[in-house]
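What follows is a set of notes on a single structure, which appears directly below.
Quick note: numbers below take in every heavy atom, side chains included, and nothing from hydrogens, waters or symmetry partners. First the proteins, then the strands, lettered A, B, ... as listed; each starts at 1.
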Amino acid sequence: MPKQVRVRFAPSPTGYLHVGGARTALFNWLFARHHGGKFILRIEDTDFARSSREMVEGILEGLRWLGLTWDEGPYFQSQRLEHYRSFAGRLLEKGMAYRCFCKMDESAERKNGYRDEAAGDAALHECARLNAEDSGRRAAAGEAFAIRFKIPPEKTFFRDHVFGRIEVENKILEDFVLIRSDGIPTYHLVVVADDVDMGITHVIRGADHISNTPKQVLLYRAAGEPLPEFAHLPLILGPDKQRLSKRHGATSVMAYAQTGYLPDAFFNFLALLGWSPGDDREILTRRELTELFSLKGVGKADAVFGLEKLDWFNSQYLRNASAGTLKELALKELEAAGIGDSGPESLDAKLELLKGRIRKLSDFSTVFRAFFSDDFEYDPDACKKFLKDPKLKEWIPALYALYLAAGEFTLESAEAILRGLAERQGIKAGLLINAVRVGLTGQGVAPGLFDIMQVLGRQRTLARLERLGGYLNRTISN
RNA sequence: GUCCCCAUCGUCUAGACGGCCUAGGACACCGCGCUUUCAAUGCGGCAACACGGGUUCGAAUCCCGUUGGGGACGCCA
């Protein structure tokens, strides 16, 4: 038990950090923090053609956004090529691997052959039969070769913290390539070589790696190394239960950052996707999550990535955000939307008003745009609902005149004036209130009308009332 | 095709030892209350153990099968 926990997140930089990868990283991070261990970041970039520096940056950016700090790394496999070659070299010497002189396309053909022949001996690669002298001679003569691992007979099994015992017949495993003919090592080799080198104690990764695991177990055995513990995480699916992909919308974590989700909310949401603390709690801080996290709470069934609940988490976090952070976030959002010059003097008051109804940061520049900019549209639905009474054409200018003439413009006076007008006209105040709301905010959904007036100020309120009057004149014919 | 895995409300899930489950919570949805709209909030509602066999006094929980879904079968990771 005294052995320190060491886990790693090992993405390949062939794409951005997607939600599945983020969840894997998150669980590793939680596990490491829970046990006071180390969380190591390793970049699996041995596929030179598809890897790029940009993708590495993108992945780091995503991890940082989520607050998944790493203790070691990032290590780059492209810089550790010698380690892998010597690892493979040792297996070659021990006769546990062999040189394969097949051309690449030849092995592709043979591959197809295997499938038709219902496995069996066909899986025995012919290069495995080459004797050591011939093999050595051809290599010395400069003939290109790959190094394949020789799958031993019998069965292989391993214990998984979430799936239990998994066993396979070795004959379904084919002699896989360790080192490509260009000298670059492949996945299975680099993973185990590095996990051994880096002292990884727990391999926590996606369930799509379950079927790779037996091959890796064999590699550990061949190298005479003890097995790490394994925990495979159920996959994250799209709403149609298919593997999550771009078809389902954003899969990149940073896309969520840009849409206005709070990292804490995203973190909390992701933590509960495939894992449960065992009770009914849902809103949990990182600290609580860290304390509660355990592999035992990880479920086996794949989980659907559902946006509604994410939105709910986000609104919860937004609601509880301190005035300071909310302000900072709002400013950033407004700036990104190109809204910046509309009376930030009352920003605090506006945010206080909006706080409880925001679901995403992007709401600042969309549904609540009118609070920060004079450049906004009337929502068609709101117009249909609240601007249909023809008499509004008279009432709104009348209200405008009253506000213009009034000596003061306070919350109380503004309300008293409006209600007075309604009373004299023998109509319900709500009729005016709702219409004015559309005029001031463009929406049928907003905080209390008189609060809005205060926050907008007399000038803007009057200007918008004027604009509303114009709109009514144009749309209501009599 | 072959191998591996999974299966509780539409979604995320609770459900250690089978009885406390006429299956709990949350999101979403639908009512009602509040209200100046919406949101928030309060209350209430709808809604699931995939199916079929066993084992057992008793199964969502154990076993087998079926169906459905997912994953893996690269000189990708």
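Residues A:Arg281 and A:Asp279 are paired through a salt bridge, judged by an N-O separation under 4.0 Å between the basic side chain and the carboxylate. The pair A:Asp45-A:Arg80 does not count as a salt bridge, with every side-chain nitrogen at least 4.0 angstrom from each carboxylate oxygen. A salt bridge links A:Glu415 to A:Arg419: one of the charged nitrogens lies within less than 4.0 Å of a carboxylate oxygen. Note on A:Asp47 versus A:Arg50: salt bridge recorded, some NZ/NE/NH1/NH2 to OD/OE distance being below 4.0 Å.
Using a 4.0 Å heavy-atom criterion, one finds that A:Thr14 contacts no nucleic acid atom at all. Across all strands shown, A:Ala429 has no heavy atoms under 4.0 Å from either base or sugar-phosphate atoms. Residue-level contact check: A:His209 touches the bases, meaning some heavy atom is under 4.0 Å from a base atom. Nucleic acid contact class of A:Leu273 (heavy atoms, under 4.0 Å, all strands): sugar-phosphate only. At a threshold of 4.0 angstrom between heavy atoms, the contacts of A:Glu308 are confined to the sugar-phosphate backbone, with no base atom among them. Residue A:Pro239 is out of contact with every strand shown, counting any heavy-atom pair closer than 4.0 Å.
Side-chain N/O atoms of A:Lys309 include none lying less than 4.0 angstrom from OP1 or OP2 on B:rA26. Put simply, A:Arg359 has a side-chain N or O that comes within less than 4.0 Å of OP1 or OP2 on B:rA28. Phosphate proximity of B:rA77 to A:Thr46: present, with a side-chain N or O under 4.0 Å from OP1 or OP2.
Contacts between residues 311-322 of chain A and RNA chain B, counted as heavy-atom distances below 4.0 Å, involve A:Trp312, A:Arg319.
The neighbour count for A:Arg319 CZ, taken as heavy atoms of other residues, nucleotides or ligands under 6.0 Å away, is above 12.
Note: A:Phe409 and A:Tyr403 have perpendicular aromatic rings, judged against thresholds of 30 and 60 degrees for the angle between ring planes. Classification of the A:Phe305-A:Phe269 ring pair by plane angle, with boundaries at 30° and 60°, yields perpendicular.
The C1' atoms of B:rG24 and B:rG15 are separated by 8 Å, rounded to the nearest whole Å.
For A:Phe293 and A:Trp275, the gap between ring centers is short of 6.0 Å.
With hydrogens and angles ignored, a donor-acceptor pair under 3.5 angstrom links the side chain of A:Ser181 to the base of B:rC75.
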Considering only nitrogen or oxygen atoms on both sides, find all protein atoms under 3.5 Å from nucleotides 62-70 of chain B and state each distance.
{"residue": "B:rG70", "atom": "OP1", "partner": "A:Gln242", "partner atom": "OE1", "Å": "2.8"}
{"residue": "B:rG70", "atom": "OP1", "partner": "A:Gln242", "partner atom": "NE2", "Å": "2.2"}
{"residue": "B:rG70", "atom": "O2'", "partner": "A:Asp302", "partner atom": "OD2", "Å": "3.1"}

